[in-house]
Protein chains: 2
Amino acid sequence: MTIAEIAKLANVSIGTVDRVLHERGRVAPKTVEKVMSIIEEHGYQPNAYARNLKLSKQFTIGVLLPLLHSEYGYWNLMYEGILKAAKELSPLAVSIDMLEFDRTKGGSLLTQGRRLLEKSVDALLLAPVVPAEAKALLADYPSLDYAFIDSPLPDTIPVCSVIQNPYQGGYLAGRMMHLLQPGGGTLLAIQTHRTAYNSSERVRGFLSYFADKPGYQTYDMEIHFAGENPLGDLDTFYRNHPDMSGIFVVSDAIHRVAELVVQLGRKSQTVMIGYDAIAQNCKAMRNKQVDCLISQRPEFQGYTAIYQLYRKGLLNQLPETTICVPIDIILPENLMEEPDTYLKP
Amino acid sequence: MTIAEIAKLANVSIGTVDRVLHERGRVAPKTVEKVMSIIEEHGYQPNAYARNLKLSKQFTIGVLLPLLHSEYGYWNLMYEGILKAAKELSPLAVSIDMLEFDRTKGGSLLTQGRRLLEKSVDALLLAPVVPAEAKALLADYPSLDYAFIDSPLPDTIPVCSVIQNPYQGGYLAGRMMHLLQPGGGTLLAIQTHRTAYNSSERVRGFLSYFADKPGYQTYDMEIHFAGENPLGDLDTFYRNHPDMSGIFVVSDAIHRVAELVVQLGRKSQTVMIGYDAIAQNCKAMRNKQVDCLISQRPEFQGYTAIYQLYRKGLLNQLPETTICVPIDIILPENLMEEPDTYLKP
DNA sequence: TATATTTGCGTTTACGTTAACGCACAGTAC
DNA sequence: GTACTGTGCGTTAACGTAAACGCAAATATA
């Protein structure tokens, strides 16, 4: 069903149909009605190829992420997914334009976001880790299509949010800790960065799992690797709690904490659970310094969000507004090897 | 960079450039060389919109799957992913044409496959669960693009195989059994269908995990729900092995086995691990009849395979030939709830 | 009444690619 | 010599959509 066919059925020209479809006016009410009824009846769907050929514009998606290497690789995994989607979509005239911001510096998200949006991008992919600034930024561009990854932003209407339930993730980490360390003892939940919503929710979920489990004592603390004495802090904690039996790190820094634990000679008594399968964490798992990882599929998040913005912007599709990423459990037994080992036994 | 620009740079017409690009002959060797060098230099990529508009043909992907309801929903989950991809791609002139076959009947795959391919599909998505017939089918259509899901087919060159390592899946199930049932005892691996490659490999992986674990005895058996006495068989097994402590079902039929175990009053002594998060299995997990599921992301497999065929056929991309699906662990704590519960606390 | 302006429509061009077609100029056959 | 055949190119018409343009007739303004 093409515009020409509709035009023929309605006894008008394609120009008139086009004006009706795009509500550009200069059409008699009666004609509008006739054309619309034919469209409804036959279920017209514009030809995406013809449409985009005619418009023949590059569809640029702005990407605004925290410094890619600020947290050992979590954001870099997001970026890898984004790049993969962008590469696949490049023959469809989709491209990305990325800027990073420093989430530890107030105003950085807003400044970088404005720099990005001044370049007139067609859509925005944003990690709203500084909620107030993200809201201020979006308020300036009310007609912009945007999507969130990592976490949602209340009171906004994104094309799509690709997120994971952090409380549930922490709760699941609790269950895995319980399985891996059935003997009870003292458990420690560690945050390594400035408090973020996802981090504190994970701690909350973890603690809540053990709230009714006898034989376990739970604590939570913050460790900062920049310019402090994390080794000393951890050593003190071990000395005060000789029955330490497990550590849960709510960020991707478990491999750093695991190093400390190994240095203190405490690995054998400590089950280590962390977040996200970044390269260093996978390596630490292969070295048996880390026992379990919880993953939020960061590549998938970035990949999916780009595709959803593309579908909205170029295909006029209305994607699901919330995509909830499953919480993956990674043990040494399902840590991905090289992809093709299966086919070459 | 368009064909017209290349033509101008090479001092030839667009027709000549087109003939070079499509190797349609009637071009002087010197001209071919000149055009090719300009293309290489400037990195020409054809405009996918223009290309597909001109060709303006429906791209039909034939889908050949085992009877959707033959195995409690595993194939149906695959189909859901396929449908989702097809829906998303419908404005890009992609459609699917599905036929089911009965994997228990010899010749069914071949017959149905031929019926499907006679309708001149542009690509084929196939679950090669009957290897010999699948090979015979593909041999008849040497120029056809095809992709595999569920399992690979040796000695063929598919556009893409979306698969999972079944041995590793069974091995992981072993690890989870070990965690969930640390007390040792007799473990039983159950196959419910006619022997398939994936099933036997999973059993192998599971048994191999426990090969060096003292305190565990492992057995494997087949149970058939159609017209036999599965309850009696299982009862006999329990009576002969009073220390039964775990069952691993290598198919999606764990919920059926769980029913039997509950009927026999043996659930409390038996850890139940199965495959695939079909609706009945999720329900059984919520009812605490099933303790753990291993998932091979069937929706993802179908979805991905359709997209890869589309990318090959319409975007001329060369996707990865093997996509190895991660092995997911599903516990009650990460069984997906309704997607939007997270945003509405 | 004469001149603008608006309304309602049809016509046309362009987007980049594909592939059929046309045409001049060779070389070959009789 | 004429009549073919083949080679190497240029030209052109689509594909479906978007949007500018043109042009009457109707309405408004002077």
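In what follows, every heavy atom counts, from backbone to side chain, and hydrogens, waters and symmetry copies are set aside. A, B, ... follow the sequence lines: proteins, then strands. Residue 1 opens every chain. It should be emphasised that the depicted structure is a prediction, and the values quoted were computed from it without experimental measurement.
Set against dG8(D), dA18(D), dT17(C), the side chain of Thr2(B) has dT17(C) as its closest nucleotide. Nearest to the side chain of Val27(B), among dT17(D), dC9(D), dA19(C), sits dC9(D). Nearest to the side chain of Ser13(B), among dC15(D), dC9(C), dG10(D), sits dG10(D).
For Arg26(B) against dG10(D), no side-chain N or O and base N or O form a donor-acceptor pair under 3.5 Å. With hydrogens and angles ignored, no donor-acceptor pair closer than 3.5 Å exists between the side chain of Arg19(A) and the base of dA19(D).
In this structure, Ile14(A) atom CD1 and dT11(C) atom P are separated by 9 Å, rounded to whole Å. Atom P of nucleotide dC15(C) and atom CG of Leu92(A) are separated by 20 Å, given to the nearest angstrom. Note: NZ (Lys57(A)) to C1' (dT17(D)) measures 14 Å, nearest angstrom. Look at CD1 on Ile3(B): it is 10 Å from P on dA19(C), rounded to the nearest Å. In this entry the distance linking CD of Glu23(A) with P of dA19(D) reads 13 Å, nearest Å. The distance from atom CG of Leu53(A) to atom P of dA14(D) is 17 Å, rounded to the nearest whole Å. When rounded to the nearest whole Å, the span between NZ of Lys8(A) and C1' of dG10(C) equals 15 Å. We find that CG of Asn11(A) is positioned 12 Å from P of dC9(C), with the value rounded to whole Å.
Nearest-nucleotide mapping onto DNA chain D: of Pro29(B) and Asn47(A), the residue sitting toward the 5' end is Pro29(B).
For the residue pair Glu88(A) and Tyr307(A), a side-chain donor N or O sits within less than 3.5 Å of a side-chain acceptor on the partner. Using a 3.5 Å distance cut-off with no hydrogens or angles, the side chains of Tyr303(B) and Glu80(B) do not pair a donor with an acceptor.
Residue Asp18(B) is in base contact, counting any heavy-atom pair closer than 4.0 Å across all strands shown.
Regarding contacts with the backbone of dT18(C), every side-chain N or O of Tyr49(A) stays at 4.0 angstrom or more from both OP1 and OP2. Under 4.0 angstrom from either OP1 or OP2 of dA14(C) there lies no side-chain N or O belonging to Ser56(A). For Thr31(B), a side-chain nitrogen or oxygen approaches OP1 or OP2 of dC9(D) to under 4.0 Å.
Between Leu92(A) and Tyr49(B) there is a side-chain heavy-atom pair separated by less than 4.5 Å. Side-chain contact check for Val35(B) versus Val12(B): some heavy-atom pair is nearer than 4.5 Å.
Considering every non-hydrogen atom in both Ala127(A) and Phe101(A), the closest pair reads O-CZ, 3.8 Å.
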